[in-house]
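To start, the structure itself, in structure tokens.
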Amino acid sequence: MIIAVDGPTASGKGTIAKRLAQHLGIAYLDTGLLYRAVGRQVAISEGDPDNPADALAACGFPDELLQDDNLRTEATGGLASRVSVHPEVRQALFERQRAFAEQPGGAVLDGRDIGTVIAPDADVKLFITASVQARARRRWLEMVEKGIGTEDEIPLIEIEKDVVQRDARDINRKDAPLKAAPDAMIIDTTEFDREAAFEMVVEAVHEALNKA
Ligand code: C5P
């Protein structure tokens, strides 16, 4: 069984996908982390994330890098979105994601192109989204909670700008742009808190699996 969970930045898809995998007792892969590792490796190697050759070279990052706390920062997220526009990089990461998806016990993968490119054959496809304002506010609250800065030190408007920029890059790239697969269930979590959003997803997944 393959479950594809796609959606824009800060939509909450990661939290939902991880909980869903636990709920179903199957494996989980955050594919964004792979792109973040490539972005981080480019920075470590002092390469240029916009240069396809530098970005491709960074796809050989050591596995330990996936444990690096730096991968979670906004700066690395920005680098990830820049390296991810190169078709060479997407190709280099394809097999790893496909092999994970095909493992015998089943898997949940979250990302931007799981339902469209990595696993068009997925049993269930979810596209989790929310308004720019809601996503920016959630990211801002998360940063304040993590102690990255106080409410006054982190301007919400800057986070909003960053979300808009990341969306534009993900939606407008030529190769594997962010979009819902035609057969994906679109779940808009703007008006819902985490718990309610998760309940909605679980219900939708069980319904889809029962129909299959
Ligand atoms: O999901 P996350 O914010 O960790 O992803 C970081 C960046 O990696 C995204 O903005 C996107 O550009 C890229 N990405 C991608 N395809 C995926 C997962 C992430 O292009 N499947």
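Atoms within a ligand are numbered from 1 in the order they appear, just like the ligands themselves. What's counted below: heavy atoms across the whole structure, side chains too, no hydrogens, waters or symmetry copies.
- Of all protein heavy atoms, the one lying nearest to atom 11 (C) of ligand 1 is Asp170 OD1, 3.3 Å.
- Taking a 4.0 Å cut-off on heavy atoms, Arg173 registers as neighbouring ligand 1.
- Residue contacts with ligand 1 for Lys13 involve side-chain atoms from C-beta outward but no N, CA, C or O (heavy atoms, distance under 4.0 Å).
- His86 approaches Asp50 most closely through the heavy-atom pair CE1-O, 3.2 Å.
- When only non-hydrogen protein atoms are considered, atom 7 (C) of ligand 1 lies nearest to Ala80 CB, 3.7 Å.
- Side chain to side chain, Thr73 and Arg40 fail the donor-acceptor criterion of an N or O pair below 3.5 Å.
- Contacts with ligand 1 closer than 4.0 Å are made by side-chain heavy atoms of Arg166 only, the backbone lying farther away.
- Across all non-hydrogen atoms, the minimal contact from Ala184 to Phe127 is CB-CB, 4.3 Å.
- The shortest N or O to N or O distance between Asp110 and ligand 1 is not below 3.5 Å.
- For the pair Asp162 and Arg135, the salt-bridge criterion is not met [side-chain N within less than 4.0 Å of a carboxylate O].
- Nearest to atom 18 (C) of ligand 1 among the protein's heavy atoms is Thr31 OG1, 3.5 Å.
- In terms of protein heavy atoms, atom 4 (O) of ligand 1 is closest to Arg36 NE, 2.6 Å.
- Scanning the protein heavy atoms around atom 1 (O) of ligand 1, the nearest turns out to be Arg112 NH1, 3.0 Å.
- One side chain, Asp188 or Thr190, offers a donor N or O that lies under 3.5 Å from an acceptor on the other.
- Residue contact check for ligand 1: Arg169 places no non-hydrogen atom closer than 4.0 Å to it.
- Among all protein heavy atoms, the one lying closest to atom 20 (O) of ligand 1 is Arg90 NH1, 2.8 Å.
- Of the protein's non-hydrogen atoms, the one nearest atom 8 (O) of ligand 1 is Tyr35 CB, 3.5 Å.
- When the options Pro8, Ser84, Gly14 are ranked by their closest heavy atom to atom 13 (C) of ligand 1, first place goes to Ser84.
- The minimum heavy-atom distance linking Tyr28 with Phe100 is given by the pair O-CZ, 3.4 Å.
- A donor atom on one side chain and an acceptor atom on the other are found under 3.5 Å apart for Arg138 and Thr189.
- The minimum heavy-atom distance linking Asp170 with Ser84 is given by the pair OD1-OG, 4.5 Å.
- The shortest non-hydrogen separation linking Ala136 to Leu156 is O-CD1, 3.8 Å.
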